[in-house]
Amino acid sequence: AQSVAQPEDQVNVAEGNPLTVKCTYSVSGNPYLFWYVQYPNRGLQFLLKYITGDNLVKGSYGFEAEFNKSQTSFHLKKPSALVSDSALYFCAVRDASGGYQKVTFGTGTKLQVIP
Amino acid sequence: DTGVSQDPRHKITKRGQNVTFRCDPISEHNRLYWYRQTLGQGPEFLTYFQNEAQLEKSRLLSDRFSAERPKGSFSTLEIQRTEQGDSAMYLCASSFRDSINEQFFGPGTRLTVL
């Protein structure tokens, strides 16, 4: 079974400060990991993914995430938060073994960037 | 707009009625996914298609739910004998070849069962 946990329902950060949104995962094999963002009244949008290779992954809008196998984590980061980054962020995982296509999403973390 | 579209955007129905939702994926995408999202939760996988073949189904997909993608293009999700617990946002997504590729999500269909 595969699962993902986002321990924080909400993260508040001041504009211009660095932000981190936490994600941990559980899979039986190797993971494929994803971050998606959901703005109000809009569909989910892909931010970035880790498949293999470099543990630091860079994505859209200046976001990056670091894959840490020993800690089974894939935290989302951005050096300087913008008010426009305020949205709902979802971490997702898929087990690389078994050939299944199912992607499991976390419960989401609401990011509030304070001006 | 060449993104994923879903119709209708909102559906209100009475308990026991049947409803059908439609999803039009991005044209060159052969993978199509259905998810359900309730308030405070992330999207929950329901099923996926590769072209016209339905290859995975979640245990969430009871026998009241059926999905089709008859020509490998648009897809429909039907819920028979709706229950209040079916109230949720139903999301459709598509991807090129494999779910390790970016999934493009539609705006969703919000179902309310009275």
Side-chain angles (χ1 to χ4, degrees), chain A residues 1-10 21 23-25 27 29-53 57 59-60 63 67 76 87-110, chain B residues 1-7 9-10 23-26 29-51 53-61 67 69 88-110:
Chain A
Q2 59 191 34
S3 65
V4 62
Q6 294 182 243
E8 303 154 316
D9 290 336
Q10 181 159 336
V21 182
C23 171
T24 59
Y25 67 89
V27 294
N30 290 318
Y32 297 141
L33 293 156
F34 310 85
W35 277 101
Y36 283 81
V37 59
Q38 188 172 36
Y39 297 100
N41 300 315
R42 294 178 65 179
L44 277 81
Q45 296 177 33
F46 172 83
L47 276 180
L48 51 78
K49 67 181 178 184
Y50 171 82
I51 303 299
T52 187
V57 178
S60 307
F63 284 93
F67 170 63
L76 181 70
L88 192 54
Y89 290 81
F90 292 96
C91 181
V93 67
R94 179 189 139 188
D95 195 325
S97 62
Y100 298 108
Q101 296 290 313
K102 175 183 175 180
V103 175
T104 298
F105 285 80
T107 53
T109 298
K110 183 179 180 180
Chain B
D1 190 332
T2 57
V4 178
S5 61
Q6 293 187 247
D7 184 68
R9 295 290 304 275
H10 304 273
C23 171
D24 287 88
I26 293 172
H29 287 180
N30 62 340
R31 300 290 176 103
L32 186 147
Y33 312 84
W34 284 100
Y35 295 87
R36 181 171 67 187
Q37 186 177 21
T38 53
L39 197 62
Q41 300 296 317
E44 297 174 289
F45 172 84
L46 292 178
T47 189
Y48 101 93
F49 292 83
Q50 177 175 312
N51 300 312
Q54 187 175 17
L55 298 184
E56 279 185 60
K57 292 173 63 174
S58 166
R59 287 173 294 176
L60 292 174
L61 215 65
R69 195 182 182 196
M89 179 74 85
Y90 290 84
L91 302 173
C92 176
S94 68
S95 72
F96 182 61
R97 288 188 181 174
D98 193 290
S99 69
I100 67 170
N101 295 322
E102 173 184 355
Q103 291 188 43
F104 290 79
F105 282 81
T109 295
R110 182 169 296 282

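So that the names make sense, note that chain A is the first sequence line, chain B the second, and so on, each numbered from 1. Since we're looking at a predicted model, the values are computed, not measured.
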* **Approximate separation, where rounding is to 0.5 Å, of B:T47 OG1 and A:K102 NZ** => 11.5 Å

* Asked: Of all residues at least two apart in sequence or in a different chain, which pass the side chain to side chain donor-acceptor pair (under 3.5 Å) check with B:T109?
  -> none

* Please look at A:L44 and chain B and tell me whether the side chain, the backbone, both or neither of the residue comes under 4.5 angstrom of a heavy atom of that chain. => both

* Shortest non-hydrogen contact between A:F46 and B:E102, atoms and distance -> CB-CG, 3.2 Å

* **Euclidean distance, A:F105 CZ relative to B:Q103 CD, rounded to 0.5 Å** => 5.5 Å

* Could you tell me which portion of B:Q6 (side chain, backbone, both or neither) has an atom closer than 4.5 angstrom to a non-hydrogen atom of chain A? => neither

* **Contact class of B:L91 relative to chain A, heavy atoms under 4.5 angstrom** => side chain

* Asked: Which bit of A:Q45 is near chain B, if near means a heavy-atom gap under 4.5 Å: side chain, backbone, both or neither?
  -> neither

* Part of B:Y35 within contact of chain A (heavy atom distance under 4.5 Å) -> side chain

* Which atom names give the shortest non-hydrogen contact between A:F90 and B:G42, and what distance separates them? -> CE2-CA, 3.4 Å

* Worked check of side chain to side chain contact (heavy atoms under 4.5 Å, CB included) between A:R94 and B:F45 -> CA-CA 11 Å; A:R94 179 189 139 188; B:F45 172 84; over 6 Å; no

* **For chain A, the option from B:Q37, B:E44, B:M89 that forms the most heavy-atom pairs under 4.5 Å** => B:Q37

